[in-house]
Amino acid sequence: MNDDQLDAWLADIAREDEGVTAPAHVETRTMAAWDEWRRTHAAVAARTARRRWVVGAFAALAASGLVALALPRPGPTPPPVPAVVAPAVPDVPEGRAIPNESAADDTAARSAAVDRILSGEARPEAAAESTRFIPLGPDLEYGLAGSFQVARVRVPRDVLVDLGVLIDGRRSREPVQADVVFGEDGLAKAIRLAPVSRRIP
Amino acid sequence: MPQEPPPNSDADAVLVSRMIAGDREAFAALFRRHERSVYRFALQMTGAGDLADDVTQEVFMALARGGSRYVPEQGLLSTYLYGVARNIVRQQERRRRARQEVDLEAIEVDRAAAVPDPVDQLTRERSLAALRQAILRLPPHYREVIVLCALHALSYDETALVVGCPVGTVRSRLNRARRMLSDRCRASLRESGAVSSWSRVLSGVSR
């Protein structure tokens, strides 16, 4: 067989195959796969975007917290720092697990309590009950290893949604104060809402 | 060499953008514009309709999932889809080989069927069937350049883009693949003892 003959045969095959199309069921199957993928993709994308926002926010908070702690302070140290750290320690003893409060457990009750705290109506006991530390990652199941620090920060209310707390959507961009536990690695490990009585003026 | 009219690349780019945004109709339109070439390529590479069905579906789902990786400035969408299809075909072949499910028996049966006893049965269809089998028995890296260049009329540059190698490599693989096809067809003719008849048939085929 020479080159010309081979070319002629290949051209014949190409011509024969010109009319070949995928069977109709391939399109049906592909479109069904697309629908299924879009359904799952939309849910995953929404979850990922929210998680990314929260992680980004807390990373920024962690960085600013560490910078603030590292900066030299002029004059005598103001008293609020021990006031913030002291109440946090009993809730998060070193080397012990922080209670893992599932967002699904008592979302409504916590939401109501949070509203009361934020509006200033809450009594101190209610505030203490509703503002226990909420773990921000699965590693806290095993407790905090080594030392940690607590910093008070401001976060938008809608961050609370990711912590399982319902908020008033109209006020989602308003900031609230929170105590954030930072581990040795500089990452935020847990958060709690700052009680009214301990707000920084 | 027959060649499909090239799809409008601008329209493809617009459709891909809409598809990435979640437009189902854009995805359906892309499927209808390109399914023929993708399916044909898969069929010519695998020789099995059900595998070609699966490959076609996987190619378009890969486009749905990774459509943002397609850069219109780097080439036509059809070239991009050939590349995806080629990777999927090779993955399937590796899986089949790992499971020792290469359909050698079917190939042997078909080859036997393609070698007719009576001279008058050597029709053009049988000759083409023999050539198809010879193509299917080529190693994948030779098969893909024959299919893309000779059956899909892609240029050397486009083929190099699809298979991810330099143009010079495409040329050398194509030459080697053509030699292998010629040798195998000649061997089949010798086995059947019908060289003269085949030659008569071949001489009647116009270019």
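Letters A, B, ... are given to chains in the order of the sequence lines, protein chains preceding strands, and every chain is numbered from 1.
Closest heavy-atom contact between A26(B) and L15(B): CB-O, 3.5 Å. Across every non-hydrogen atom of C149(B) and T159(B), the tightest pair is SG-OG1, 3.3 Å. What you find for P72(B) and A13(B) is that their closest heavy atoms are CG-CB, 3.8 Å.
With a 4.5 Å cut-off on non-hydrogen atoms, R179(B) does not touch chain A at all. Residue contact with chain A, scored on non-hydrogen atoms closer than 4.5 Å, is absent for E58(B). Contacts between W34(A) and chain B at a heavy-atom distance below 4.5 Å involve backbone atoms as well as side-chain atoms. For chain A, no part of A52(B) is nearby; none of its heavy atoms comes within less than 4.5 Å. In this structure, chain B has a heavy atom under 4.5 Å from the side chain of H25(A), while its backbone stays farther away.
R132(B) is listed as a side-chain neighbour of E16(A), based on a closest heavy-atom distance under 4.5 Å. Using a 4.5 Å heavy-atom threshold, the side chains of F41(B) and L148(B) count as touching.
Taking chain A as the reference chain and counting heavy-atom pairs below 4.5 Å, the highest number among L43(B), I135(B), T56(B), D54(B) is found for D54(B). In terms of heavy-atom pairs under 4.5 angstrom with chain B, the leader among M31(A), H41(A), R38(A) is M31(A).
Using a 4.0 Å cut-off between a side-chain N of Lys or Arg and a carboxylate O of Asp or Glu, R32(B) and E27(A) qualify as a salt bridge.
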